[in-house]
Amino acid sequence: MSAGAFYESVHGYFDRAAAYSRFEPGILKQVKDCNAVYRMKFPVRNDDGSVRVVEAFRAEHSFHRLPTKGGIRFSRMVSLNETIALAALMTYKCALVGVPFGGAKGGVKISPAQESEGFRERVTRRYTAELIRKNFIGPDIDVPAPDYGTGEQEMGWIVDTYKNIRMNEPNIYACVTGKPLAMQGIPGRTQATGQGVYFGLRSCLDQAEVAKKLGLTPGLAGKRVILQGLGKVGFHAAKHLQEDGRALIVGVSEQEGGVYNADGLDVVALLRHRQETGSILGFPGTESVDRGALLEFSCDILIPAALENQITAKNAERIQAKVIAEAANGPVDQAGDTILCRRGCLVIPDLFLNAGGVTVSYFEWLKNRAGVSFDRMISRHEELSNRHMLAAMETLTGQQLPGSDRDRLIHGPDELRLVVSALEQTMTRAYERIHEVWLQRDLPDLRTAAFLLAIERVAESYSHHGIFP
Ligand code: NAD
């Protein structure tokens, strides 16, 4: 399946939702079209001293808010159309969860797993230098983050390169998010997208009428889950579903194949097994299965958390899951979506479900601009007022709380707790709003409701900004 199909699907979803919009066609076209693209080729030295030409992209989809924001993907499948489609999803995602950024995305056409760390570092630094040269990166311009095939390490190289070229600029650490903690990152960013998937799924399945329509009991406890892709997003989504939601992870697939156990498996131990052996296959207590076939196994929730176009007209009829939770971007193409919806499956769309990453990235960016961590500003104040309140309660009742309860009540929140509670609130509120629009405007599905909400928010802003003559 080509990147063209993904690009067509994103535009198709847009058009389907835009048909319900009150905005004029010109404004809607401005919301839909990608505003700027930088396509580059640059030479990088291989480890043996020879030279390789690397192709890369950065797409800035919408300038209705600045900076633009979006991850950088390292994959041999990267293409211009894929990057533009991903950038468009970022615009809608930010609008949906109230993050005041335009959408962007970067893509570098390499296979990171097959490259040395040295080569990845040279590519990342050169790519950053190219972005700086063309003004496609900066705290107020365009702020990258991790995506498929990249992580904290690459973000660290980006900020270091930026710092060394633009050393006199203010707020330089805000030029990229998803950085290591030691380089002004924020706790909770690594797990944010996966944890947001958990909060989003929980908000949806806690709705009694939604669960009933699917023939499920409300809530996540005991639900059978199959996961595709044990990467950053997939692993943390499954871990939170298992630990906080008490769901049962019955199957997981990776590039090398799938593993299955109808009674559930421990994803934390499974990841450790993969790190030790290089494969999820052979994980004790599981049977090995074909990775494509696993998507069609019986389960309540299927979580595609790898790449786009995994559920299409080719396999949608055979999917048995009642809920498809789009942790990845674009895992269901438009033809697949039509079939799933006709069969009564609930698709929880990517632009909502994986927005936890950009939400916490926004907190990181704010923290970098303020130059102070969130807990530092409020924890001392909270601790003092908690102490006063507790002392007053103890005087009034003449009793003392046990030591551990006292400590818990007195201490103000740490930065991680602040981040997680803000993420939880963002995902819960966003779901409530999408759900409301879905019902109130009698829309066919959640995806159309999410797209419509996002489109109208971006269009609203364009119509207020005015258009340059
Ligand atoms: P990642 O590179 O950390 O993990 C992806 C995993 O999927 C890898 O382990 C890879 O081996 C596996 N995989 C690839 N093809 C597969 C296949 N056919 N079957 C099974 N497994 C396969 O990437 P990630 O950051 O977790 O991103 C995953 C998806 O989530 C992407 O679509 C990305 O755009 C989206 N996303 C990521 C973030 C983020 O913060 N990282 C935020 C929003 C959306």
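Remember, it's 1-based here, ligands and their atoms both numbered in the order they're listed. Note that the numbering runs from 1 along the sequence shown for the chain.
Within a 6.0 Å radius of CZ in Arg76, no more than 12 heavy atoms belonging to other residues, nucleotides or ligands are found. Heavy atoms from other residues, nucleotides or ligands lying under 6.0 Å from CZ of Arg246 number 12 at most.
Interface of Arg189 with ligand 1, defined as ligand atoms under 4.0 Å from a residue heavy atom, comprises 40 (O). Close approach of ligand 1 to Ser253 is summarised as follows: ligand atoms under 4.0 Å from at least one heavy atom of the residue are 20 (C), 21 (N). Taking every heavy atom of Gly149 and a limit of under 4.0 angstrom, the matching atoms of ligand 1 come to 2 (O). Every atom of ligand 1 is numbered from 1 in the order shown, and the set under 4.0 Å from a heavy atom of Ala327 is 30 (O).
Using a 4.0 Å cut-off between heavy atoms, Arg291 contacts ligand 1 through its side chain alone, with no backbone atom that close. With a 4.0 Å cut-off on non-hydrogen atoms, Ala145 does not touch ligand 1 at all. Under 4.0 Å from ligand 1, the heavy atoms of Thr193 that appear belong solely to its side chain.
Between Tyr92 and Phe14, the distance from one ring center to the other falls under 6.0 angstrom. For Tyr362 and Phe101, the gap between ring centers is short of 6.0 Å.
Relative orientation of the Tyr13 and Phe451 rings is tilted, given thresholds of 30° and 60° on the angle between their planes. Ring-plane geometry between His236 and His240 is classed as tilted, the angle between the planes lying from 30 to 60 degrees on a 0 to 90 degree scale.
For atom 8 (C) of ligand 1, the closest non-hydrogen atom on the protein side is Glu254 OE2, 3.4 Å. Counting protein heavy atoms only, atom 5 (C) of ligand 1 is closest to Tyr148 CE1, 3.5 Å. The single protein non-hydrogen atom nearest to atom 33 (C) of ligand 1 is Asp147 OD1, 3.1 Å, given as residue, atom name and distance. Among protein heavy atoms, the minimum distance from atom 31 (C) of ligand 1 is reached at Ala306 O, 3.2 Å. Lys232 NZ, 3.6 Å is the protein heavy atom nearest to atom 1 (P) of ligand 1. For atom 17 (C) of ligand 1, the closest non-hydrogen atom on the protein side is Gln228 NE2, 4.1 Å. The nearest heavy-atom contact from the protein to atom 35 (C) of ligand 1 is Asn329 ND2, 3.7 Å.
In this structure, a donor-acceptor pair under 3.5 Å is present between the side chains of Arg224 and Ser298. In this structure, a donor-acceptor pair under 3.5 Å is absent between the side chains of Asp333 and Ser9. Side-chain contact of His64 with Ser461: a donor-acceptor pair under 3.5 Å is absent, judged by distance alone. A donor-acceptor contact closer than 3.5 angstrom links the side chains of Glu456 and Ser21. A donor atom on one side chain and an acceptor atom on the other are not found under 3.5 Å apart for Thr150 and Asp147.
Geometrically, ligand 1 and Lys105 share no nitrogen or oxygen pair separated by less than 3.5 Å. Residue Gly234 places no N or O, backbone or side chain, under 3.5 Å from any N or O of ligand 1. Considering backbone and side-chain N/O of Asn354, none are found under 3.5 Å from N/O of ligand 1. On a distance-only criterion, Val233 and ligand 1 share at least one N/O pair closer than 3.5 Å. Ligand 1 has no N or O atom lying under 3.5 Å from any N or O atom of Lys93, backbone or side chain.
Using modelled atom types, no side-chain atom of Arg126 and backbone atom of Val44 make a donor-acceptor pair closer than 3.5 Å.
Residue Glu308 places no heavy atom under 4.0 Å from ligand 1.
The heavy atom nearest to atom 28 (C) of ligand 1, out of those in Ala305, Pro331, Ser75, Gly231, is found in Ala305.
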